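Quantities reported herein were computed from a predicted structural model and do not represent experimental measurements. Sequence positions, counted from 1, serve as the residue numbers for this chain. The figures that follow rest on heavy atoms only: side chains count, while hydrogens, waters and symmetry mates do not. Just follow the structure's listing: the first ligand is 1, and inside any ligand the first atom is 1.
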Amino acid sequence: MPTLNDIAELVLPGIDPSLEHLEERFPKRELKQGAEVTRFAPSPTGFLHTGSLFTALIAYVIAKQTGGVFIFRVEDTDTKRTIEGSDRQLLGQLLRFGIVPDEGWFPEGDKGAYGPYRQSLRADIYKSAVKHLLLEGKAYVDFATPEDLAKIKEAQEASKVLPGYYGIYARDRNLPLEEVERRVKAGEPWVIRYKSMGDHNGKTGFDDLIRGHIELQDNDMDIVILKRDGLPTYHFAHVVDDHLMGTTIVSRGEEWIPSTPVHLQLFADMGWKAPRYAHLPVIMKLDHGNKRKLSKRKDPEASVGYFEEMGYMPKAVLVYLMSIANSNFEEWTIETKDYDISHFGFSFEKMSLDGALFDMDKLNYFSREVLAREKGMGLVREIADWAAVHSPSLLAKINRDPAYFSRCIDIEKDRPNPRKDYAKYSDIEASVAFFYDDEFAKIKAKGLPYDPKFDKELISAFFGKCRESMDFGEDENAWWNSVKAIASAMGFAIANKEYKANPSAYKGNMADAAGLLRVAITGSKNSPNLHEVISILGKERVCARLCLD
Ligand code: GLU
């Protein structure tokens with residue numbers, strides 16, 4: 001009659017089942033008081049989703065603000081869903097957003113002492129833990145084939161009971177060890193299941209860091225912990241990895257709440273203390289007044305790649321996501337001059353529970369705010385890096401003269417209330433086009449939007465005088481006084497009050513005069529500060545634009 005030991009050795013030969021050797025290999029971390037170990041653990045099944053970036057950001061911020069450790073772990077145990085290269089892509093996207101793991105999987109090699117950080121390379125570790133449970137009688141060999149499972153499900157549907165492998169339906173839970181030995185030796189495929197002692201009518205509770213106390217039905221499912229391919233399921237890998245890597249807070253999507261009871265059982269049966277959990281809300285969107293989940297299929301903003309393509313500053317996206325995470329964040333950004341997001345005190349308690357709402361207008365608002373505070377050649381380099389991938393024509397403009405480009409985009413940025421006319425890099429090309437004579441020629445060819453109440457002769461005469469006597473110096477007041485003098489001499493009212501009192505006595509007011517200049521010089525009725533534009537273009541080019549033909 002074979003013993004449990006024989007069975008364990010038969011299915012997992014040569015694997016050391018002692019938990020001590022695992023604890024030695026992954027010693028308890030020496031952390032300072034309050035330091036949290038968090039992780040972002042994506043499955044490499046595609047690009048980074050906005051919800052995943054949100055999850056990663058929260059884990060990162062918690063680790064940073066407590067002086068802890070942030071881990072990047074690749075969860076690739078579902079080999080059928082794994083997409084080649086997705087691991088690099090996910091990490092690359094995180095890094096571009098400045099979310100730099102302290103430990104984890106990197107293409108050039110692991111960083112940190114708790115690796116490997118890629119689950120498919122940790123098979124032996126999981127097998128040790130599985131063998132430990134087998135020896136303790138807390139796991140068993142199960143031979144049910146997918147066809148058997150389908151039949152069990154059918155029977156459960158017919159008798160209207162919960163589907164799953166549990167109780168009387170857990171067919172192989174109590175197989176005699178001889179039979180197990182015989183069938184394994186005969187080459188029948190098997191998996192290892194957890195032998196749950198949970199009571200379906202009982203309750204399991206835990207304190208979620210965001211949601212407070214959660215009571216759920218106890219788990220009585222004998223879930224698979226080791227698959228036919230020798231790799232664990234998510235549930236078991238989570239327990240083993242987060243214990244051995246010393247994770248103190250598991251922050252993950254709320255879709256994992258229903259699985260938490262089985263995770264807590266597994267921690268207890270392994271003799272390990274469970275981490276604290278924070279189940280993050282799913283990111284929602286308002287669609288014709290209804291809230292729904294961001295959809296990969298319908299919403300481009302569901303993919304982080306969209307923000308990269310459009311040229312949102314990574315910092316701006318993070319600032320925006322933080323505003324979704326904590327309701328007091330926006331106020332903090334207003335109160336805190338020149339804030340640095342890493343100084344914000346994030347807290348789980350301030351997280352909204354009814355689904356974080358993604359709003360493009362709000363993202364654009366934050367992006368404008370963030371971009372307004374960036375300037376100089378550092379910003380030019382960032383834009384050029386983006387343009388090199390996404391906008392060859394913008395890159396060509398930058399490369400013609402980077403310092404000139406910098407002046408164009410930095411207009412009004414030195415002011416207490418800087419310009420906020422672009423939210424993302426892809427807005428910039430259109431907004432600087434008029435600074436480039438070839439582009440300006442195209443704008444002009446389409447017809448300039450002069451106010452129709454002024455006839456061509458008047459405009460031409462006004463511009464002629466401007467070419468002759470407008471002040472082109474550095475001083476904005478001197479320039480404006482010269483414009484006023486010219487306009488006044490041509491019959492425009494200097495004081496708006498006088499104009500309003502008697503409009504027919506004047507050609508127009510100073511806003512009209514400035515408007516004509518603005519259209520001639522920038523091609524538009526709206527532009528950044530006209531004096532700064534004139535200084536950048538220089539007298540010769542401005543005078544050329546002040547000729548009507
Ligand atoms: N690989 C899991 C997922 O992508 C991770 C969940 C977790 O963070 O534990 O959903």
Side-chain angles (χ1 to χ4, degrees), residues 36-63 68-83 86-91 93-94 99 101-105 114-123 125-126 206 208-211 214 219 223-225 227 231-267 270 272 274-283 293-294 296 302-304 325 348 351 356:
E36 304 289 358
V37 180
T38 61
R39 83 295 188 278
F40 175 54
S43 301
T45 53
F47 300 103
L48 193 62
H49 300 147
T50 303
S52 307
L53 180 63
F54 182 65
T55 307
L57 173 66
I58 302 300
Y60 173 76
V61 164
I62 290 291
V69 182
F70 172 63
I71 304 170
F72 176 67
R73 181 169 78 218
V74 177
E75 301 212 325
D76 60 345
T77 58
D78 191 348
T79 44
K80 281 194 260 12
R81 290 179 59 226
T82 296
I83 294 177
S86 159
D87 41 17
R88 278 171 187 266
Q89 211 142 31
L90 292 167
L91 179 66
Q93 286 182 297
L94 278 197
I99 300 182
D102 302 304
E103 280 180 23
W105 178 86
Y114 291 78
Y117 294 92
R118 193 186 175 83
Q119 291 184 328
S120 57
L121 301 178
R122 294 170 70 83
I125 301 168
Y126 306 118
F206 69 98
D208 188 275
L209 291 170
I210 301 172
R211 292 151 205 271
I214 300 184
N219 170 67
I223 59 156
V224 173
I225 53 176
K227 300 179 290 163
L231 288 172
T233 49
Y234 164 75
H235 307 294
F236 197 62
H238 150 52
V239 170
V240 172
D241 288 346
D242 285 318
H243 171 71
L244 295 177
M245 292 183 183
T247 307
T248 59
I249 295 181
V250 167
S251 46
R252 60 184 180 187
E254 67 183 357
E255 68 275 19
W256 295 110
I257 293 178
S259 314
T260 310
V262 68
H263 300 158
L264 293 172
Q265 274 181 343
L266 285 166
F267 274 109
M270 290 300 300
W272 294 336
R276 280 165 295 149
Y277 287 99
H279 287 99
L280 302 173
V282 171
I283 297 202
K293 278 189 195 174
L294 264 192
K296 268 185 269 176
S303 160
V304 167
F348 282 119
M351 218 154 183

K.L.:
Does ligand 1 have any atom that is closer than 4.0 Å to a heavy atom of Tyr234?
P.N.:
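Yes, Tyr234 has a heavy atom closer than 4.0 Å to ligand 1.
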
K.L.:
Out of curiosity, Gln119 CD to Ile125 CD1, how far, rounded to the nearest 0.5 Å?
P.N.:
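Going from CD on Gln119 over to CD1 on Ile125, the span is 10.0 Å.
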
K.L.:
Is there a nitrogen or oxygen of Glu75 sitting under 3.5 Å from a nitrogen or oxygen of ligand 1?
P.N.:
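Among all N and O atoms of Glu75, at least one is under 3.5 Å from an N or O of ligand 1.
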
K.L.:
Return yes when Gly253 approaches ligand 1 closer than 4.0 angstrom through a heavy atom, no otherwise.
P.N.:
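Distance cut 4.0 Å: Gly253 fails for ligand 1.
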
K.L.:
Tell me whether the centres of the aromatic rings in Trp256 and Tyr234 are closer together than 6.0 Å.
P.N.:
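Yes - the distance between ring centres of Trp256 and Tyr234 falls below the 6.0 Å cut-off.
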
K.L.:
Does Arg39 reach ligand 1 with a nitrogen or oxygen that is under 3.5 Å from one of the ligand's nitrogen or oxygen atoms?
P.N.:
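It does: an N or O of Arg39 is found under 3.5 Å from an N or O of ligand 1.
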
K.L.:
Could you measure the distance from the CZ atom of Arg276 to the OG1 atom of Thr38? Nearest 0.5 Å is fine.
P.N.:
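Here the rounded value is 11.0 Å.
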
K.L.:
Salt bridge (charged side-chain N to carboxylate O under 4.0 Å, His left out) for Arg73 and Asp242? Distances and angles first, verdict last.
P.N.:
CA-CA 10 Å; Arg73 181 169 78 218; Asp242 285 318; 2.9 Å; yes

K.L.:
Mind checking whether His238 contacts ligand 1 via backbone (N, CA, C, O), side chain (CB onward), both or neither, at a 4.0 Å heavy-atom cut-off?
P.N.:
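Contact part for His238 vs ligand 1: neither.
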
K.L.:
Can you find a pair of side-chain heavy atoms, one from Arg118 and one from Phe72, that are under 4.5 Å apart?
P.N.:
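Arg118 does not reach Phe72 side chain to side chain.
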
K.L.:
Do Leu264 and Tyr277 touch side chain to side chain, with heavy atoms closer than 4.5 Å?
P.N.:
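Contact flag for Leu264/Tyr277 side chains = yes.
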
K.L.:
Heavy-atom pairs closer than 4.0 Å: do any link ligand 1 to the side chain of Trp256, the backbone, both, or neither?
P.N.:
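For Trp256, only side-chain atoms sit under 4.0 Å from ligand 1.
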
K.L.:
Enumerate the atoms of ligand 1 whose separation from the nearest heavy atom of Ser43 is less than 4.0 angstrom.
P.N.:
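Those of ligand 1 that fall under 4.0 Å from Ser43 are 1 (N), 4 (O).
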
K.L.:
For atom 3 (C) of ligand 1, find the nearest protein heavy atom and state the residue, atom name and distance (0.1 Å precision).
P.N.:
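I find the closest protein heavy atom is Ala41 O, 4.0 Å.
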
